[in-house]
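Only a predicted model underlies this, so the values are computations on that prediction, with no experimental measurement involved. Read the numbers this way: they start at 1 and go in the same order the structure lists the ligands and their atoms.
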Amino acid sequence: YELKKGFFMSNNQQITISDEVKEFLKSNHKLLINGEWTPSSSNEKIEVFDPATEQLLTEVDSGNAADIDAAVAAARKALTGEWSKITSHDRARMLDRLADDIEANFSVLSEIEVLDNGMPLELAQYSIASHGTTLLRYFASWANKLHGQTIPVSPAGAINGESLTYTRKEPIGVVGAIIPWNSPLIFAILKLGPALAAGCTVVLMPAELTPVSALFLGHLIQKSGIPKGVVNIVTGYGETAGQALSEHPDVDKITFTGSTEVGKKIVEASIGNLKKVTLELGGKNPMVIFPDADLEKAIPGAARACFFLQGQNCMAGTRLFVHEDIYQVVLNGVKEIAEAFTVGHGLISGNDFGPLISKTQKERVMSYIDLGREEGAELLTGGDSFSDQGHFVQPTIFSNVDGEMRIAKEEIFGPVLCAQSFTHQDLEQIASEANDTPYGLSGSVWSQDISIAHKMAMLIDAGQVSINCHAAVDPAIPFGGNKQSGWGREFGAEGLEAYLKTKATTVIF
Ligand code: NAD
């Protein structure tokens with residue numbers, strides 16, 4: 001290893017790609033439309049690169065508006081076809097079968113995810129095994145438990161007791177699912193699981209930077225018994241395929257995970273037919289550590305919360321508020337962990353910190369690091385990009401950050417922690433600083449005092465607050481953003497509701 005500014009960069013390491021993954025990468029990828037792998041009508045390709053080596057991995061088709069039209073037509077036909085006649089028990093079985101197939105292809109999918117996204121292998125394995133398939137099975141188990149209510153009513157024209165209303169839960173219809181690059185397979189599953197459990201049909205558009213695992217998933221979907229046209233996968237660019245999907249008059253709902261900026265474009269594009277929209281957008285998430293916190297947990301917890309996925313995580317704890325009595329101890333601890341990361345290709349065992357997704361992302365993060373210096377924050381560690389090859393940026397910590405600085409308010413989406421101390425126990429004051437961003441996605445409170453911890457959790461304006469951990473994820477925990485972090489919730493019963501519509505039927509005897 002070469003020791004560079006306290007960080008270990010693994011040098012000259014040869015990665016080994018399995019034959020199965022090599023074969024898949026070499027194949028002629030097309031679009032999954034109506035159950036058939038179909039070439040894009042554009043005849044154009046998107047090159048996909050390994051962000052750790054910048055080498056070409058593969059090429060995928062660049063779908064355009066005509067391909068989106070074909071995929072939406074297939075999804076519309078499938079919505080009222082065979083799929084609508086299949087029992088909810090069989091829908092559940094098909095989703096379980098898909099989860100079985102993902103498990104059977106676990107190592108191939110993990111390897112693809114590392115090559116495509118850059119995440120460390122252990123993380124890819126963990127996220128697929130403990131989130132991906134669990135998530136799919138969780139939603140499978142909902143498929144046969146969706147029901148409405150019977151409601152005693154007295155509408156005009158009916159005397160009391162001579163009328164009844166019942167509600168039915170119906171699939172919302174054709175869903176356009178647009179996902180980001182930071183955890184590609186998990187986001188594909190997070191959209192498909194509840195949509196299919198609810199009986200919807202889907203056109204899935206993976207991010208142009210990381211389309212490979214979704215295409216592999218497409219082959220598993222073909223084997224799962226899910227009828228043709230229920231899941232369509234169109235790879236393409238956001239501005240063309242994504243825009244066409246969001247505007248499409250025959251799409252009933254868009255479920256989008258990505259940046260706040262693109263989320264706003266999707267809302268505009270959806271106006272034409274007033275399609276329903278769920279948005280999971282950006283975050284600038286606070287972590288508040290009180291002096292009585294268990295620092296054995298809080299210090300590694302804060303480091304993990306910020307640097308997990310190289311900070312390319314909407315829930316990343318990127319703003320650290322620490323009581324002044326423990327400020328130095330906490331910062332020294334987090335710094336020590338950050339400097340001990342072994343940076344390099346995710347397929348090399350032991351590397352626990354990978355590259356950023358692209359050159360653009362690396363430049364964006366480096367420009368925020370420069371901005372932090374200009375704004376007068378104290379650079380405690382990191383602050384550089386790493387090697388000539390791969391989009392690596394050091395885990396970076398700024399201390400003495402002021403809440404008015406842009407680095408404290410704007411989402412950087414990279415490994416940059418902004419720390420500041422507080423001197424008092426005025427929870428409302430701490431909350432007003434912690435909440436002072438356009439976002440409201442996630443947050444955490446670290447304290448042994450249950451009253452302080454719960455009061456602080458109530459005051460943080462976010463869709464999800466964790467106590468003595470950060471960003472707890474489970475398929476049953478509702479997740480989503482307040483303010484400009486989004487519309488609606490995913491996961492849990494609420495996540496499923498977003499793919500259903502209620503029909504009330506009234507009978508007068
Ligand atoms: P992005 O918004 O640039 O892209 C997301 C997806 O939108 C991609 O598939 C892209 O092709 C597509 N897209 C781009 N322009 C489009 C358009 N005009 N119309 C339709 N689709 C379009 O986001 P990203 O860079 O891929 O991901 C990073 C962002 O995602 C961060 O802001 C992060 O916080 C957010 N994110 C949020 C969550 C959450 O659950 N809240 C989870 C992960 C990531």
Side-chain angles (χ1 to χ4, degrees), residues 46 48 51 60 62-65 68 116-117 119 127 131 135 176-191 203-211 214 233-248 251 254-271 275 277-285 308-318 356-358 360-362 364-365 368 410-414 437-443 462-464 471 473 477-491 495 498:
I46 298 175
V48 183
V60 300
S62 179
N64 61 13
I68 291 288
D116 207 4
N117 163 279
M119 66 178 75
S127 69
H131 294 318
L135 200 56
I178 303 176
I179 55 174
W181 44 260
N182 64 337
S183 220
L185 184 65
I186 300 301
F187 282 114
I189 292 173
L190 176 59
K191 305 300 186 192
V203 177
L204 173 71
M205 201 207 79
E208 55 267 38
L209 291 166
T210 55
I233 302 175
V234 178
T235 50
Y237 287 106
E239 311 85 69
T240 48
Q243 184 75 21
L245 189 57
S246 316
E247 285 173 353
H248 205 288
V251 170
I254 291 285
T255 174
F256 171 75
T257 300
S259 61
T260 296
E261 190 192 343
V262 173
K264 290 178 184 176
K265 287 187 189 166
I266 282 174
V267 171
E268 280 173 23
S270 303
I271 284 175
K275 54 177 72 68
V277 177
T278 301
L279 301 173
E280 294 288 356
L281 309 176
K284 189 76 183 174
N285 312 297
F308 170 81
L309 273 175
Q310 295 79 250
Q312 301 171 119
N313 169 22
C314 56
M315 293 187 285
T318 47
L356 300 187
I357 189 69
S358 62
T360 311
Q361 187 68 6
K362 174 173 158 180
R364 177 188 148 88
V365 172
Y368 270 106
E410 296 176 17
E411 185 185 48
I412 298 173
F413 222 57
T437 76
Y439 300 105
L441 190 61
S442 188
Q464 190 202 43
V473 176
I477 301 178
F479 174 74
N482 299 347
K483 298 192 280 183
Q484 295 192 35
S485 287
W487 283 353
R489 295 291 179 265
E490 292 190 301
F491 295 89

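A donor-acceptor distance shorter than 3.5 angstrom exists from the side chain of Asn285 to the backbone of Cys314, with no hydrogens or angles considered. With Glu490 contributing its side chain and Leu190 its backbone, the two residues share no donor-acceptor pair below 3.5 Å. With Lys265 contributing its side chain and Ser246 its backbone, the two residues share no donor-acceptor pair below 3.5 Å. Using modelled atom types, no side-chain atom of Gln310 and backbone atom of Gly414 make a donor-acceptor pair closer than 3.5 Å. Under the 3.5 Å distance criterion, the side-chain polar atoms of Ser485 are left unmatched by any main-chain donor or acceptor of Leu281. Looking only at distances, a side-chain donor or acceptor of Thr260 sits under 3.5 Å from a matching main-chain atom of Gln484.
Of the candidates Cys314, Gly258, Gly282, Gly258 brings a heavy atom nearest to atom 35 (C) of ligand 1. The option with the heavy atom closest to atom 17 (C) of ligand 1, from among Gly238, Pro180, Gly480, is Gly238. For the residues Ser259, Ala244, Gly242, the heavy atom positioned nearest atom 23 (O) of ligand 1 is part of Ser259.
Put simply, part of Ser246 is less than 4.0 Å from ligand 1, judged by heavy atoms.
Those atoms of ligand 1 with a heavy atom of Phe187 less than 4.0 angstrom away are 42 (C), 43 (C). Applying the 4.0 Å criterion to heavy atoms of Met205 picks out, from ligand 1, the atoms 9 (O), 11 (O). Interface of Lys265 with ligand 1, defined as ligand atoms under 4.0 Å from a residue heavy atom, comprises 18 (N). Residue Leu441 approaches ligand 1 through these ligand atoms, each under 4.0 Å from one of its heavy atoms: 41 (N).
In terms of protein heavy atoms, atom 7 (O) of ligand 1 is closest to Phe256 CE1, 3.2 Å. Among all non-hydrogen protein atoms, the one lying nearest atom 41 (N) of ligand 1 is Leu281 O, 2.7 Å. From the protein, the heavy atom lying nearest to atom 44 (C) of ligand 1 is Asn182 ND2, 3.5 Å. Nearest protein heavy-atom neighbour of atom 12 (C) of ligand 1: Ile178 CG2, 3.7 Å. What sits closest to atom 11 (O) of ligand 1 on the protein, heavy atoms only, is Glu208 OE1, 2.5 Å. The nearest heavy-atom contact from the protein to atom 31 (C) of ligand 1 is Glu411 OE1, 3.4 Å. Residue, atom and distance of the protein heavy atom nearest to atom 9 (O) of ligand 1 are Ile179 O, 2.8 Å. In terms of protein heavy-atom proximity, atom 33 (C) of ligand 1 is nearest to Phe413 CE1, 3.1 Å.
Residue Gln243 touches ligand 1 through backbone and side chain together, judged by heavy-atom distances below 4.0 Å. Within the 4.0 Å heavy-atom criterion, neither part of Gln312 lies near ligand 1. Proximity of Asn313 to ligand 1, defined as any heavy-atom pair under 4.0 Å, is not found for any part of the residue. Residue contacts with ligand 1 for Ala207 involve both N, CA, C or O and side-chain atoms from C-beta outward (heavy atoms, distance under 4.0 Å).
Distance check: Met119 CE to Phe308 CZ gives 7.5 Å after rounding to the nearest 0.5 Å. Note that CD of Glu247 is 10.5 Å distant from CD1 of Ile266, once rounded to the nearest 0.5 Å. Here the CZ atom belonging to Arg364 is positioned 11.0 Å from the CG atom belonging to Leu356, to the nearest 0.5 angstrom.
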For this session: For side chain to side chain contact (heavy atoms under 4.5 Å, CB included), just list the numbers for Val473 and Phe479, CA-CA rounded to whole Å, side-chain angles, deciding distance to a tenth of an Å, and then say yes or no.
Result: CA-CA 8 Å; Val473 176; Phe479 174 74; over 6 Å; no
For this session: Starting from the C-alpha separation in whole Å, work towards a yes-or-no answer on side chain to side chain contact (heavy atoms under 4.5 Å, CB included) for Phe256 and Ser270.
Result: CA-CA 12 Å; Phe256 171 75; Ser270 303; over 6 Å; no
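Looking only at atom types and distance, the side chain of Thr257 has a donor-acceptor partner in the side chain of Lys191 under 3.5 Å away. In the model, Glu411 has no side-chain atom that pairs as donor or acceptor with a side-chain atom of Tyr439 under 3.5 Å.
Close N/O approach between Thr257 and ligand 1 is not found [any backbone or side-chain N/O within under 3.5 Å].
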